[in-house]
Amino acid sequence: MVTRRELLGSSAAVALAGLTGMGLAGCGKETKPAEQGVTGSARFSWWGGDQRAKETREVIKSFQADHPGATISAQFSDWGSYWQKLSTTAAGGNLPDVMQMDVTHVKLFVSSNQLLALDEKTLGLAETDKDLLAPGTVDGKLYAVGTGGNMSTLMYNQTALDQAGMPVPAEGFNWDTLASYAVQLQKKLPTDRWVIDAGYASIWWEIFLRQRNKEIWTDDGKIAYSKDDVLDWFNYWYDLQRAGVVVPPGKAPNAASGETADSPFALGFTVLGPEWSNLFTTAASLTKDKVEITRTPTGGTMAGDSINPTMQWSISAQSKKVELANTFVSYLLHNEKAITTIGLDRGVPGDPAARKIVTPTLTPNEKLVVQFLEKYGKSGRPVSVLLPEHAEQVTDALTQAGDALRLEKSTPTAAADTFWDQAQKISKS
Amino acid sequence: MTSGPLTTAAVAAPAVARGPGGLSSKTKESIAGYVFMAPFLIGLFGLSLVPIIASSLLSFTDYNLLTAPTWVGLDNYRALLADGHYRKSLVVTFVFVGLSVPTTLLAALVLAAVLNRGIRGLAIYRAVFYVPSLLGGSVAIAVLWRQLFADGGVVNRLLGFFGWEHPPAWLVDPDFTLQTLVILSVWQFGAPMIIFLAGLRQIPADLYEAARVDGAGRLAQFFRITIPLLTPLVLFNLIMQMIGAFQAFTSAYVISGGKGGPLDSTLFYTLYLYIQGFGYLHMGYASAMAWVLLVIIGAFTALIFATSRHWVFYMEQQ
């Protein structure tokens, strides 16, 4: 999942704009369940930048004020080192009581018995969108609760489209209409501006596949799409590339870093692009132009997009402070102060009540994101399978195939062959 | 970590002084010696030796950190042979070592020879040339490098100024990315340069004098006196630079965004090891890679030592 990497690589940048909130919500002020025995000390860890750290510490402070005798000791780091630390502390049997989890790691942590099965009642999850619970559920048991949701979007530069005298991409766009629109648009763009960046390994890849297949992975981690799907996808972008609507790779040399600020869209070289909803406000803040989002192009036989948990909350299976941990997670999800302090930084809250609490505190662009999820979340199709441990390795193989095509070092057929062989090999080992 | 042994020593010392049949002064001295060595010994055994042994065992296992390792025998080593990325990382690393080490040594030697001619402000130049060695391995410099070699970066503007209309896309074109890293590495020639400079100063002046009397020109002096007498330092620098180059990591990690791209063109051995170990959690595989790297570096070092008796010249032997 490229997407994850983009999303998380840029967590520092995300924090800047304070994108997203947490929490599902519910009952307004304070959760009732699991109130007794919440004294002592629990450890809590997350990844993210300084802004997120500041907000999270504020929430911890108010939690401690509301629960005399309870202490939460906080640790945070950036995405890369977070997983190193978490894996090594897990190896030492010393995981933090409460931790920020991610869909890329849930399966691994659950299969090695590191996470506690959560109780929906204790955490008050009755109203929570199922989209935020399913990706943390293994064999019918919940191990990770979505902190909030995000969705893939088609982001466009309204100002640039106005200047070109082109209509905005209609929300019913499918892949074919997008392609013909792109060709038409390119003719009206000034030199040094292109329609889009090549999307071989973009966040749209999975959506394209899910429009044609039930899921991308089987339950036991095998590839669930066909080589023809890969070839069609590569051909689609290769044709666009040949048509001259794709930005040359040299224009955004740092794009590999995954930082939103380094993307050709943020640098003003492209006017359309795939983007996660929770990175939209960051992307919008990087340009003076007016930027908007609409739904990812449709295609295939069914919906491919879905609301995904931006992050998740999990509790360690070895925790000796289960009650305190439960109370704290509940607080993060339902407490009004917690919800408004974090805003959209951890995704759009998955519960209507929490969204109601957070919305009045948001900027116009953030409100747009909440509306987007409310509007398109229902037409999406929730993911029903967990990412296998080797998903990242397959993503890296996809990135490499995309690079080869982008740099014209390969043809779609050859690149699809190479990728297919690698992906099969990786998911068998 | 050190407080334990030190406390023991503090208690032990007066006890010895008081006791009638106390320890001999020689024993006392060696106890003190070991106490002083304790921080190092604890570090060596606790932080280096035990993990090294553990990694050698792990290299025969399948281990993802979260579940107990399972024994797989030589599977990891066998898998290395079939791994295309691994082969590519070997090629990239050998090319990098082959290009960067000789170039660095040459630059260091030439600069040292120039600086040794007694120019004014030598101390300043020495410091200026040495600074990159201190900074060059850092993340900040790698980030700076990325900016310098970017599409509209300083390097390409300079090349454009000198009339190169379509300079290479250094960071995007896989044919050029590795060169960028080689240049970054060569730029850090300061450390070997300082060593060469020290060596140059130790060559006795009477040798040059005698040579001049015999009618040798400057070039002849350089190749017949300077170079031979510097060979022990060339040997030292060669080995140190080579070992360092085989383990190069930071620059490639930063410049490629941690993935060794584009198209594996900056996939240094240690970077691939890191990706396998900490990215994919294939700790057993990564351990096997580490041991193979140890063997490779050991073999090259041994090779250089073996040939050294043919080209390294020690004055005392004369």
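Hydrogens, waters and symmetry mates play no part in the numbers below; they use all other heavy atoms, side chains included. These numbers come from a predicted model, not from an experiment. Residue numbering restarts at 1 for every chain, and letters A, B, ... go by the order of the sequence lines.
- With respect to B/Asp83 and A/Lys425, no salt bridge is recorded, no charged nitrogen being found less than 4.0 Å from a carboxylate O.
- Taking the side chain as every heavy atom from C-beta outward, A/Asp396 and B/Tyr280 approach each other to under 4.5 Å.
- Side-chain contact between A/Gln393 and B/Gln276 is present, with heavy atoms from C-beta onward closer than 4.5 Å.
- Contact annotation: the side chain of A/Lys409 approaches that of B/Asp175 to within less than 4.5 Å [non-hydrogen atoms, C-beta and beyond].
- By the 4.5 Å heavy-atom criterion applied to side chains, B/Lys259 and A/Gln400 are not counted as neighbours.
- For a residue to count as touching a neighbouring chain, one of its non-hydrogen atoms must lie under 4.5 Å from one of that chain's; by this rule B/Phe149 does not touch chain A.
- One distance of note links CG of B/Leu66 with CG of A/Leu108; it measures 4.5 Å at 0.5 Å rounding.
- Between B/His282 and A/His390, the closest side-chain pair of non-hydrogen atoms is not below 4.5 Å.
- Within 6.0 Å of atom NZ in A/Lys141, 12 or fewer heavy atoms from other residues, nucleotides or ligands are found, so the atom counts as exposed in its surroundings.
- Within the 4.5 Å cutoff, the side chain of B/Asn64 has heavy atoms near those of the A/Glu389 side chain.
- Every side-chain contact (heavy atoms from CB on, under 4.5 Å) that A/Asp192 has, sequence neighbours left out, goes to A/Trp194, A/Lys251, A/Phe269.
- Atom CG of A/Asp220 is surrounded by more than 12 heavy atoms from other residues, nucleotides or ligands within 6.0 Å.
- The minimum heavy-atom distance linking B/Thr67 with A/Ser112 is given by the pair CG2-CB, 3.3 Å.
- Within 6.0 Å of atom CE in B/Met240, 12 or fewer heavy atoms from other residues, nucleotides or ligands are found, so the atom counts as exposed in its surroundings.
- How far OH of B/Tyr274 is from CD of A/Gln84: 4.0 Å, rounded to the nearest 0.5 Å.
- By the 4.5 Å heavy-atom criterion applied to side chains, A/Thr88 and B/Leu65 are counted as neighbours.
- Of the residues B/Val172, B/Leu263, B/Asp264, the one that meets the side chain to side chain contact (heavy atoms under 4.5 Å, CB included) test with A/Asp403 is B/Leu263.
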